[in-house]
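Chain letters run A, B, ... following the sequence lines, proteins first and then strands; every chain starts at 1.
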Amino acid sequence: MLDIRLIREQTETVRTRLRQRGGDVWTLVDEVLSLDESRRKAETEKQALQSERNRVSKEIGFAKKQGQDTSPIEAEMRTIGDRVDALNKEAADLDARQETLLLSIPNLPHEACPAGASAEENPEVRVWGTKPVLAFAPKDHVVLGTELKMLDFEAGVKISGSAFVVYRGAGARLERALINFLLDLHTTQHGYTEIAPPLLVKPEALVGTGQLPKFEDQLYACERDGLYLLPTAEVPVTNLHREEIVDPAVLPICYAAYTPCFRREAGSAGLGTRGLIRMHQFDKVELVKICLPQDSMEELEKLTANAERVLQLLGLHYRVIELCTGDIGFGSAKTYDIEVWAPGQGTYLEVSSCSNFGDYQSRRMKLRYKDAETKKNLFPHTLNGSGTALARLFVALVETYQQADGSIALPPALQPYFGAAEIRNPS
RNA sequence: GGAGAGGUGGCUGAGUGGUCGAAAGCAACGCUUUGCUAAAGCGUCGUAGCUCAAAAGGUUACCGAGGGUUCGAAUCCCUCCCUCUCCGCCA
């Protein structure tokens, strides 16, 4: 969340930057400021009374020891107590309202975030490789996966409903090979520590990373237990250090985690999309970083490069785009999306979104570090990016490496993980 | 799920109604002494809010969480949560 002091002291800047996101969130600035003013007024008044009460209470203690009758003062203090209670309620109420409001205000886009109204204005940053040229009409992954008995969409529907899939045989094995390949790459080559987190998380964790309170309708909830299925490993992994004061010497902290991700995709336009493109459950390897504020932009570049490395090693053509102010996510200050080419789709698919959240998440989750010089507790910056999403990587992979005879030739990097060089029809 | 024990500052641990944000020890940091190390001495050493132009200072809150009793609560009462041990169940 945004620092209320920043809103107070640099109101115009905050308003302007929020405005760049589009919509009308910027209008919440005035609301939060007026709430803040009443809150502080109530607080100050309350504290003056409490101070008075503390002082007199001590005097009563002394007087009683000397055997004096203190009942008149006590009666007087009772009325002060009542006023304190009332003011306390008022202050607590205003504080809660301010907190709620602050939690629903998105992050400020960074100066380095390109201005723009919508996805159409996202600039392309770079392109790697070229679109593969096939000597035949490419099949899409649904056809390929079904023919090779790797993907069973009907079974997914039977067991769990639409937008669920069953991987089987070589498909299940390929998925597992990809997971291992990605984790090994990031842990042994890029210096990330592997994490295997719980898949059910508390609401506090989701507030910390920004999914709650605003996006509850996108989450699967286990109401009996007050837990949610995670929509991304970003949630448990970033929250590993929630409410901690970390030693700056250990920064940057770099974590890599494989987890399934669960998303309701309520109201999502693409939910009817054919195949694996948009599922309620999909696998993902997520990269998370916690670093010093001055390092976060450089870390974002590294993080993005680490995710790109996946596609390079797999020989998949991709492009990197930068999200403009009108398109970046709720908590993000700057985001790169990596889109891989899928020949069967004839389009680019987003397989990674790498974001610098600045101190937006760490403030929400009270994650801090003690500054070596000033000894003050400051908020570190958090980042995360997919490294990468598996389902769409699967799509790009089988569609790119499909052969004229309907088999799939796997790229060399994956062969040791898969245990074979190609996937053929098992029958 | 059943029974019991317990939750106090980075850690250990004292504190059963008043001057306690909290003794003491350890750890950490700074200074002094010291050829280095070690040791000793002195000092500093929680978090958040409000106030203040800022710093200093002042002030409030926080002893698992939330309520209650009281002029006054770490301390008394209630509810909840968590941890540990044992039993049951279980991958």
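- In this structure B/rC52 sits in no base pair that meets the Watson-Crick or G-U test at under 3.5 Å.
- Residue A/M77 contributes atom CE, which lies 8 Å from atom P of B/rG72 at whole-angstrom precision.
- Across all their heavy atoms, A/R53 and A/I80 have their closest contact at CB-CG2, 4.5 Å.
- A perpendicular orientation is assigned to the rings of A/H280 and A/Y220, their planes being inclined by more than 60° (bins at 30° and 60°).
- Considering only side-chain atoms of A/K64, the nucleotide from B/rU19, B/rG18, B/rC50 that sits closest is B/rG18.
- Between A/K376 and A/D371 there is no salt bridge, since no side-chain N of the basic residue sits under 4.0 Å from a carboxylate O of the acidic one.
- B/rU85: Watson-Crick or G-U partner is B/rA3, with both key distances under 3.5 Å.
- Contact annotation: A/R40 side-chain N/O to B/rG49 OP1/OP2 distance is not under 4.0 Å.
- Between B/rG21 and B/rC63, the two C1' atoms lie 9 Å apart (nearest whole Å).
- Comparing B/rG25 with B/rG13, their C1' atoms sit 8 Å apart, to the nearest whole Å.
- B/rC90 is unpaired under the Watson-Crick or G-U wobble criterion, no partner having all donor-acceptor distances under 3.5 Å.
- For the P atom pair drawn from B/rA55 and B/rA39, the interatomic distance equals 38 Å after rounding to whole Å.
- Between A/S51 and the phosphate of B/rU60, there is a side-chain N or O to OP1/OP2 separation shorter than 4.0 Å.
- Rounded to a whole angstrom, the distance from the P atom of B/rG17 to that of B/rA28 is 37 Å.
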Problem - Steps toward side chain to side chain contact (heavy atoms under 4.5 Å, CB included) verdict (A/L182, A/L390) - result: CA-CA 10 Å; A/L182 296 179; A/L390 269 285; 3.6 Å; yes

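- The base of B/rG49 sits within donor-acceptor range of the side chain of A/Q47, with an N or O pair under 3.5 Å.
- Ion pairing between a basic and an acidic side chain is recognised when a charged N comes within 4.0 Å of a carboxylate O; A/E74 and A/K64 show such pairing.
- Between A/I80 atom CD1 and B/rC71 atom P the separation is 13 Å, expressed in whole Å.
- Within the structure, every side-chain polar atom (N or O) of A/K370 is placed at least 4.0 Å from both OP1 and OP2 of B/rG10.
- Rounded to whole Å, atom C1' of B/rC62 lies 13 Å from atom CD of A/E43.
- Here A/R53 reaches the OP1 or OP2 of B/rG72: one of its side-chain N or O atoms lies under 4.0 Å away.
- Looking at which nucleotide of RNA chain B each of A/S57 and A/K46 is closest to, the 5′-most match is held by A/S57.
- Partner assigned to B/rU12 is B/rA24, using Watson-Crick or G-U wobble distances below 3.5 angstrom.
- If you take atom C1' in B/rU32 and the same atom in B/rG46, they sit 27 Å apart, rounded to whole Å.
- Phosphate contact (OP1/OP2 of B/rC50, side-chain N/O of A/R39, threshold under 4.0 Å): present.
- Two residues, A/K376 and A/I4, neighbour RNA chain B, and the one matched to the more 5' nucleotide by heavy-atom proximity is A/I4.
- The separation of B/rG49 from B/rU44, taken at their C1' atoms, amounts to 24 Å, rounded to a whole angstrom.
- What separates CD1 of A/I60 from C1' of B/rA73 is a distance of 15 Å, to the nearest Å.
- Paired with A/Y255 under the rule side chain to side chain donor-acceptor pair (under 3.5 Å), one option of A/H241, A/K289, A/E194, A/E286 passes, and it is A/H241.
- Within the structure, a side-chain polar atom (N or O) of A/R368 is placed less than 4.0 Å from OP1 or OP2 of B/rA48.
- Across every strand in view, B/rC31 sits in a pair with B/rG41 that passes the Watson-Crick or G-U test at under 3.5 angstrom.
- A/I73 comes within 4.0 angstrom of no nucleic acid atom, judged by non-hydrogen atoms across all strands.
- With rounding to whole Å, A/N88 atom CG is found 9 Å from B/rG67 atom P.
- Separating the CG atom of A/D85 from the P atom of B/rG68 is a distance of 7 Å, rounded to the nearest angstrom.
- Taking atom P in both B/rG68 and B/rA54, one finds a spacing of 35 Å when rounded to whole Å.
- A straight line from CD of A/E52 to C1' of B/rG58 spans 16 Å, rounded to a whole angstrom.
- Across every strand in view, B/rG46 sits in a pair with B/rC62 that passes the Watson-Crick or G-U test at under 3.5 angstrom.
- Nucleotide B/rC36 is matched to nothing when pairs are restricted to Watson-Crick or G-U wobble geometry with both distances under 3.5 angstrom.
- For A/R5 and B/rG49, the shortest distance from a side-chain N or O to OP1 or OP2 is below 4.0 Å.
- A/Y192 and A/H190 have perpendicular rings, their planes meeting at more than 60° on a 0 to 90° scale where under 30° would count as parallel.
- With A/Q218 contributing its side chain and A/E265 its backbone, the two residues share a donor-acceptor pair below 3.5 Å.
- When the C1' atom is compared between B/rC11 and B/rG72, the two are found 32 Å apart, to the nearest whole Å.
- Remark: C1' of B/rC71 and CD of A/Q68 are 15 Å apart, rounded to the nearest angstrom.
- Residue A/R8 has a polar side-chain atom (N or O) positioned under 4.0 Å from OP1 or OP2 of B/rC50.
- Not one side-chain nitrogen or oxygen of A/N54 sits closer than 4.0 Å to the OP1 or OP2 atom of B/rG18.
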